[in-house]
Amino acid sequence: MPSVCFYFQVHQPIRMRRFSIFEDNRGDPYKLYFNEKLNREVFEKVARKCYLPTNSIMLDLIHKFDGRFRISYSITGVFLDQCQEFNPKVLDSFEDLAKTGCVDFLDETYYHSLCSMFADKTEFKEQVALHTKALRSFFKCKPVVFRNTEALFTNEIAKLVEDMGYKGMVMEGFERILGWRSSNYLYSVKGCSSIKTFLRNYRLSDDVAYRFSARWWSEYPLTSEKYAAWLSRCEGPLVNIFMDYETFGEHQWEDTGIFEFLKKMPEEILKYENLDFKTPSELVALDPVGEIDVPTPLSWADIERDASAWLGNEMQRTCFRMLEGLEPMVRDAKDDKLIRIWRLLQNSDQLYYLCTKSWADGDVHKYFSPFDTPYDGFINFMNILQDLKNMLKNKVKLQEGKR
Amino acid sequence: MLGWEFPPFKSGGLGVHCYELTRAFASKGVEVDFYMPRTEFEMKGTTPKLIQVMPVYFGPYTAREAYGVDFMGRVMQYNMHCAEQVAKNHREKHYDLIHNHDWLTAKAGILAKQKIHRPHVMTVHSTEYDRSSLGPNQQILAIESEGVHAADRVITVSHMMKRQLTDKFGADCSRIRVVYNGVDPDKFKKKWDVKKYSKEKVVLFLGRMAEQKGPVQFLQAARKVLSVMKNVRFVMAGGGDMLPYLINYSIELGISDRVTFLGYIPESQLQDAYAKSDVYVLPSVSEPFGITALEAMSSGTPIILSKTSGVSEITTHCLKVDFWDVDKMAEYIIALLRYRVLNHTMGKYEVEDARRFSWGKAADETLKVYEELV
């Protein structure tokens, strides 16, 4: 009997500002590098359209089904920061959900970063620790399942995560890795001893996340009844439905009927005797049925499901290598403000904006980007990185002078 | 087809357009007689068949106000002769359609239509508003307006141009079709195949030295760039009325040792000019299309385009600026010179992108316009 395992990714990047090398670039670098006005506007808009209404629906559903409707979230640290800065009501509503006991949380990097790909893993461990601390203080929980930024996964990262004490990790249930096998089971990972993977059932997930309002889709319109029927026909012990939380009200606008769909769904699903809801923490006890091997990066983005959305072209790799190369200087500078800026720049979205893939996926990149072109994005990113590097250099020099 | 210039006798996009379009037509089995002013050389056995009507002694942009030359009179005479020739040749050729380019041959198009009763298509490559800096010539405006209203179909080289015709001339939007210019991508040497002998970085401007082309903004951006970077050369290729002024202006800005004025460069040097440059800037205040941008793209040279250019409607792999935003222009130039990976990535994608704009496609779209009428 399959358990339906819902996990929602909650994240908003802190976007960069258009930074000019000709303006007076002294002063608070945070204000110079990041577009506070835009970040506030986007956050407020999405809070109004998605976070607040969806959280309220989730809370009602949890109360209505008295513990039988269960969900899980992964919320980035930068999102929690923005809650506190821009709209504490959003944070309150997540805390209310946490208090029900029917909501599970996953751990990830605080800054939604790709630092798991750095050669030196210190930064990765620190960012995860920061996230764990934030979850403990806001939601009083200690996650046992990990989700890496954009579900980025390799055997090596899984081993690292296992060594940090996690029992499970999220990944994309993609044929390239699975072959004939089903995503509706837990698997162990090559080279690891105990960690188990939760594989996203991307068809059933994307039926809601991408195709819900697609008129070209033969199954349009998707109803809760139909969706529940599909779930009930699944084999295996669990079905992992993972998606961006912004699906509700932001990617799929209210007038598509997404909220009505959500409100009716638990009831329709629970009509089937073979279906129930469980969270990753509950399901991680299941036995793995086989081993998966992921030698090269796998993610949940674009049609390639690799790291090419962030590291696909030379411009992206240049920025990434520069970010990585700054680490020793950032640490030497011993300035909390600069460390935070460096980490905010690690946000994978900053690299996503530089993507030049021009087929269908390119449209998605364009939709989310604050820049006209990837070239524009690269220039801005590099100018900021150069500026940060100069600042760090001066700082380190100054400290050496003092000594 | 009624034209004015034709390679190798040309001074702008109009000549390139006529040449490439008629060549593409020939390969599609469309027969074209191309009427143009008489030149010093008799050209025979060419495709299309060139019919040289009478000498005019000057180009559309040069020597317009020259002493002793009755420019307008000469143009009108040419138009009348043209129309007569068309009528005469029609008796045995039985033309299906008359197609004229710009105001220079608009009258001939109108007159020929009256004589042989065949549909008339007019392509507008630019208007007097785009060409004149001090104020448009009213006579020319009147001819342009007459042509645009009389023609059965008007083809413009961009949507920007189309808007201009509806806004300024009150043209009927339903009769206007947009056909973008093209480029022959394989004609141009690739940047990475050309050896450069100097370590100096090169930023190129290529166009007529006239206010609308934005040479002043180019020099202002150059000064900004030079305030933070050394070892950059700004090359300005092209002739025009403003040349003396611009030379003085570069001295005034204190950057004359970093700016090279090449004057008009012949076709044979064009390829090297693009391929040996690190950045191509099209800073036009007003540019109906801007074929040079496609040519630079085909060479793999990164381009910075003013948003007030027709070509910027269709290119994606480029950087776009407002022509007055000299700071941003300078910033883009610096970035393209400093960040090799940016320069290379853009260049690589541009070469691909340029393939979308072939003359074959332009010819097909022009034929579609013909088919609406015959």
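Reckoned from all heavy atoms, side chains included, excluding hydrogens, waters and symmetry mates. In what follows, every chain begins at residue 1, and chains take the letters A, B, ... in the order their sequences are listed.
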| field | chain A contact via B:Leu342 - which portion, at a heavy-atom distance below 4.5 Å | value |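 B:Leu342 touches chain A through backbone and side-chain heavy atoms alike.
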| request: Please state whether the side chain, the backbone, both or neither of B:Lys224 comes within less than 4.5 Å of a heavy atom of chain A. | output: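 Both the backbone and the side chain of B:Lys224 come within 4.5 Å of chain A.
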Check this for me: [X], atom [atom1], are more than 12 non-hydrogen atoms of other residues, nucleotides or ligands nearer than 6.0 Å?
X        : atom1 : result
A:Lys389 : NZ    : no
A:Lys337 : NZ    : no
A:Lys395 : NZ    : no
A:Glu156 : CD    : no
B:Arg356 : CZ    : yes

| said: Within residues 321-340 of chain B, which residues come under 4.5 Å of chain A, heavy atom to heavy atom? | reply: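 Residues in range: B:Asp327, B:Lys328, B:Ala330, B:Glu331, B:Tyr332, B:Ile334, B:Ala335, B:Tyr339.
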| field | Which portion of A:Arg18 sits near chain B, non-hydrogen atoms under 4.5 angstrom | value |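 Side chain only.
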| Pairwise distance NE2(B:His317) to OG1(A:Thr356) - rounded to 0.5 angstrom |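 If I round to the nearest 0.5 Å, the distance is 7.0 Å.
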| task | To the nearest 0.5 angstrom, please state how far the CZ atom of A:Phe22 sits from the OG atom of B:Ser227. | result |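 Those atoms lie 5.0 Å apart.
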| field | For chain B, which residues of residues 379-387 of chain A have heavy atoms nearer than 4.5 angstrom | value |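 So far as heavy atoms go, A:Ile379, A:Met382, A:Asn383, A:Gln386 are the residues that approach chain B to under 4.5 Å.
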Restricting to non-hydrogen atoms, name the atom on [X] and the atom on [Y] that form the minimum distance, rounded to 0.1 Å.
X        : Y        : answer
B:Val341 : A:Phe378 : CG1-CZ, 4.0 Å
A:Thr373 : B:Thr316 : CG2-O, 3.8 Å
A:Tyr375 : B:Thr345 : OH-O, 4.2 Å

